[in-house]
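A short write-up of the structure that comes next.
Remember, it's a predicted structure, so these values are computed and weren't measured experimentally.
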Amino acid sequence: MVLALSGCATFSKDGGLDAVSALTAERTGQDVRLPKANADGAAIQDELNQLLKQPLSPDSAVRIALINNRGLRASLAELGVAETDLVQAGRMANPGFSFSRMSGGGETEIERSVMFDLVGLLTIPIRRDIESRRFESAKLVAATEAVRLAADTRKAWFNAVAAGQSARYAEQVREAAEASAELAQRMAKVGNFSALDKAREQAFSAEAATQLARARHNATAAREQLARLMGVWGENTAFQLPDRLPDLPAAPREAGNIESLAMQQRLDVRMAKLSTESTARALGLSKATGVINVLDAGYVNSSKSGSPRENGYEIELSLPIFDWGGARVAKAEAIYMQSVHRTANTATLARSQVREAYSAYRTTYDVARQHRDELVPLRKKISEETLLRYNGMLMSVFELLADARAQIAGVNAAIDAQRDYWIAETDLQAAISGTGGSSISTASTAASPEAAAEH
């Protein structure tokens, strides 16, 4: 039996990475890889270089993050820790050897013994089952990190593209404001413009320069955020981004059965369920070892001067006189109920989060579509009518410039609305099949089986 149990305590070939990669691919369309040799590292670097040569799309940015982000690689290293605990749980504890030598009165007595932990041996299947569930939980935690990284990278891409688009528009506004201020100054010199109107045009020019500086910084900050998530540095930070955000889809996604999909696919819900199952298994171990949790047996050999060698066995166990294990069992039961309530709470939060995410998704779609179909065309129509009146000498150049300034807020609002839609779409997908923005700390419940099975 010892040989059979020891034979099961081996490391897997992939270290759990294949399961993490499959879970991530189901939710992001991209797998996860770790370089295990020089050849693997070279292949990943080649893929990274090829992706960076082309203008980045949201999918290519996610791909770069999943293969290059060192923080994700550090999280994946936790798989090795969990698998080590699993392998260790399947191995019998080393036997204990004792040796004693006593001499006196011309006689010498030597005693030798080898002791084995029988309770540890008998509970190997239960302990392996507990650690196996913890290993599965570690895979879910790693997949959660990968899915969250993918969602954060997509949102950072949309922010970076929108910030760049706003910065380019701010530059156009600044150029128009400078032209307006210069014209006002020339007209003031010949007496055709009041000092008040001249000051207004100059103030607008200064404000436009300030807004441009802020827009450029926002574009730089958003780009650096994307670079951090992708894990690029040096010359690789010179990646290219599109000039504008993607167009809105023709129609929004219907709500359908998003709550049931979330219950089936969300990783935090699966982690909570697995934690409860592990805690229940650990409760059985605590009850099994509640009365007797120390039972050692082994071979004893004793020899004395002038006497034949004596052989025998020795059994050591703890007597349940003062502690019958009731406190340990009660603690395990309390931890189990805690895990049950946490699982129910996680499911409730998940349902609420997915409903809220869909509301944000639908609202941002409607707002962005209104900007695209109504507000922007109306602003364009107003601009055309204003230009016609200016050409007919029914309106001054400064009224024309004032109308152009009035369009600034409308254009920026349209860019922000389009960006907000794509971010809300990413959040909705994460709420259905990923984590819904919940913290990785929910995985700490996976540690409860260890506490439940303590001693």
Side-chain angles (χ1 to χ4, degrees), residues 11-34 62 65-66 69 71-87 89 128-153 259-282 335-336 338-351 353-354 427 429-453:
F11 290 92
S12 60
K13 294 181 179 181
D14 64 295
L17 184 62
D18 289 349
V20 173
S21 183
L23 289 171
T24 305
E26 290 175 1
R27 290 156 177 80
T28 67
Q30 306 281 358
D31 61 351
V32 177
R33 286 187 294 165
L34 278 178
V62 169
L66 291 179
N69 185 284
L72 177 61
R73 292 186 183 183
S75 299
L76 294 176
E78 290 293 332
L79 291 173
V81 178
E83 187 178 27
T84 300
D85 292 338
L86 171 60
V87 172
R128 270 189 58 82
D129 182 69
I130 294 174
E131 294 299 334
S132 177
R133 296 176 190 273
R134 293 188 63 194
F135 185 36
E136 293 300 320
S137 180
K139 295 177 185 178
L140 293 176
V141 171
T144 299
E145 290 280 8
V147 172
R148 179 176 287 114
L149 174 63
D152 289 344
T153 303
E259 287 190 46
S260 61
L261 286 176
M263 293 298 99
Q264 298 171 9
Q265 299 182 18
R266 279 184 59 130
L267 294 172
D268 55 348
V269 174
R270 293 182 60 177
M271 280 191 291
K273 291 180 179 179
L274 187 61
S275 174
T276 302
E277 294 172 359
S278 300
T279 307
R281 187 63 170 166
I335 292 175
Y336 171 73
Q338 182 185 51
S339 181
V340 169
H341 294 314
R342 281 177 176 170
T343 300
N345 184 61
T346 300
T348 302
L349 292 177
R351 291 179 179 275
Q353 287 172 356
V354 76
D427 287 336
Q429 185 60 36
I432 293 175
S433 61
T435 63
S438 61
S439 173
I440 287 292
S441 62
T442 55
S444 62
T445 57
S448 58
E450 182 180 6

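- The CD atom of E259 lies 10.5 Å from the CD1 atom of I432; values are rounded to the nearest 0.5 Å.
- A side-chain donor-acceptor contact under 3.5 Å links T343 to the backbone of A272.
- Closest approach of L149 and A65 over heavy atoms only: CD2-O, 3.6 Å.
- Note that OG1 of T24 is 13.0 Å distant from CZ of R33, once rounded to the nearest 0.5 Å.
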Quiz item: Going through the distances and angles, do M271 and T144 end up as a side-chain contact (heavy atoms from CB on, under 4.5 Å)?
Solution: CA-CA 10 Å; M271 280 191 291; T144 299; 3.6 Å; yes
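- Contact check for L66 versus L72: side-chain heavy atoms found under the 4.5 Å cut-off.
- Here the closest non-hydrogen pair linking A82 and F135 is CB-CD1, 3.8 Å.
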Practice problem: Walk me through it: do R270 and L23 pass the test side-chain contact (heavy atoms from CB on, under 4.5 Å)? | Solution: CA-CA 12 Å; R270 293 182 60 177; L23 289 171; 3.4 Å; yes
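- If you take CG on L349 and CZ on R342, they are separated by 12.5 Å, rounding to the nearest 0.5 Å.
- We find the NZ-CD distance between K139 and E83 to be 8.0 Å, quoted to the nearest 0.5 Å.
- One distance of note links CG of L140 with CD of E145; it measures 12.5 Å at 0.5 Å rounding.
- Side-chain N or O atoms of R266 include one that pairs as donor or acceptor with a backbone N or O of A431 at under 3.5 Å.
- Checking Q264 against S260 by side-chain atom types alone, no donor-acceptor pair falls below 3.5 Å.
- Heavy-atom minimum distance, S433 versus Q265: CB-OE1, 3.1 Å.
- The main-chain N or O of L17 is never found under 3.5 Å from a side-chain atom of S21 such that the two would form a donor-acceptor pair.
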Practice problem: Just do the side-chain contact (heavy atoms from CB on, under 4.5 Å) check on M263 and R351 with the steps written out, would you? | Solution: CA-CA 8 Å; M263 293 298 99; R351 291 179 179 275; 3.6 Å; yes
